[in-house]
Each structure stands twice: as structure tokens, then as C-alpha cells.
Amino acid sequence: MEMYDMTASDHLKRLLLDTIADNINEVIVGFDGTPATSSDGAAGRPALTLTPTITVVDDTTLLVEANLGTDKAFDESLKEVYLQMRGTTSIPIARYVIRPVTKTNNNEMKIELLIEVK
């Protein structure tokens, strides 16, 4: 049997992107700096839940943005960002380990994540 390499249609990629965009409702920042894996089930040690702004950049790219203002400060460095799916109690979309950020009342933190559907 001969196999052919086929990619998903542009329409399917856009449908996947729109579905992901419609289902992200939380960005959680946390203190856990352990390596992120494809099977991460939740934020390791959550610090705060933020409501993101979702922008479809083009037919294959999604921008997720969240801001942490000067009204929040933590004694420990923030080391993870976790995206959670809408309407669930803990269904992950993605977890990222970030360079440690010391968050005080003197600085702001802007989170920007690009998600690409190929």
C-alpha cells in the first residue's frame, strides 16, 4: 500500500484555531518551575488566575495576552504560565515554564503567548 503525505486543509486549521480561541478562558500564573510536559494536568502551584484577551492573528496563529498589574505582589518568583479550557475545572490547553519573575507592587507583568496550528 502506497502512502501519501497530506496536510490539513486551511479551513480545518482555521476551525481548530477558532475552537482553541473560543475555549481558553483562564491564564494561571504559578510558582512551579518543574519542566513542562505534554501531559501536564494542571498548574503546579498556582498563584493567581487572570482573564486573557485572545486575538486571532492569522489563519494559523493565535495570541493570548494577560496582564498582572501593580496591585499584586508575591514573596516567591513566578515560574509557570498555564492555559485552561473554558467550562472545565481543570482541563489543560498548555503549561509553560518561564524564566523566574519577581513580581512586586513596583512592576507589571504582561504575558503574551503565540499558539500556532500547523
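Note that the numbering runs from 1 along the sequence shown for the chain.
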- request: Enter the distance from D32:CG to K79:NZ here, rounded to the nearest 0.5 Å.
  value: 8.5 Å
message: Applying a strict under-4.5 Å side-chain criterion to I, L, V, M, F, W and Y, I'd like to know whether M109 and L50 cluster together.
response: yes
field: D10 with R14: basic N within carboxylate O range, under 4.0 Å
entry: no
query: Considering only heavy atoms from C-beta outward, does the side chain of V27 approach that of L83 to under 4.5 Å?
result: yes
Partners meeting side chain to side chain contact (heavy atoms under 4.5 Å, CB included) with K72 (sequence neighbours left out): L48, L68, F74
query: CD1/I93 to CG/N25 distance, rounded to the nearest 0.5 angstrom?
result: 8.0 Å
- request: Rounded to the nearest 0.5 Å, what's the gap from CD1 on I24 to CD1 on I115? Could you check?
  value: 4.0 Å
Rounded distance (nearest 0.5 Å) linking atom CG of L113 with atom CD1 of I98: 9.0 Å
query: Do the charged groups of K110 and E112 touch, with an N to O distance under 4.0 Å?
result: yes
- prompt: Are any of the side-chain heavy atoms of V101 and V29 separated by less than 4.5 Å?
  reply: no
task: Could you pull out all residues at least two apart from T61 that satisfy side-chain hydrogen bond (donor to acceptor under 3.5 Å, both in side chains)?
output: D58
query: Does a side-chain heavy-atom distance below 4.5 Å link D59 with K13?
result: no
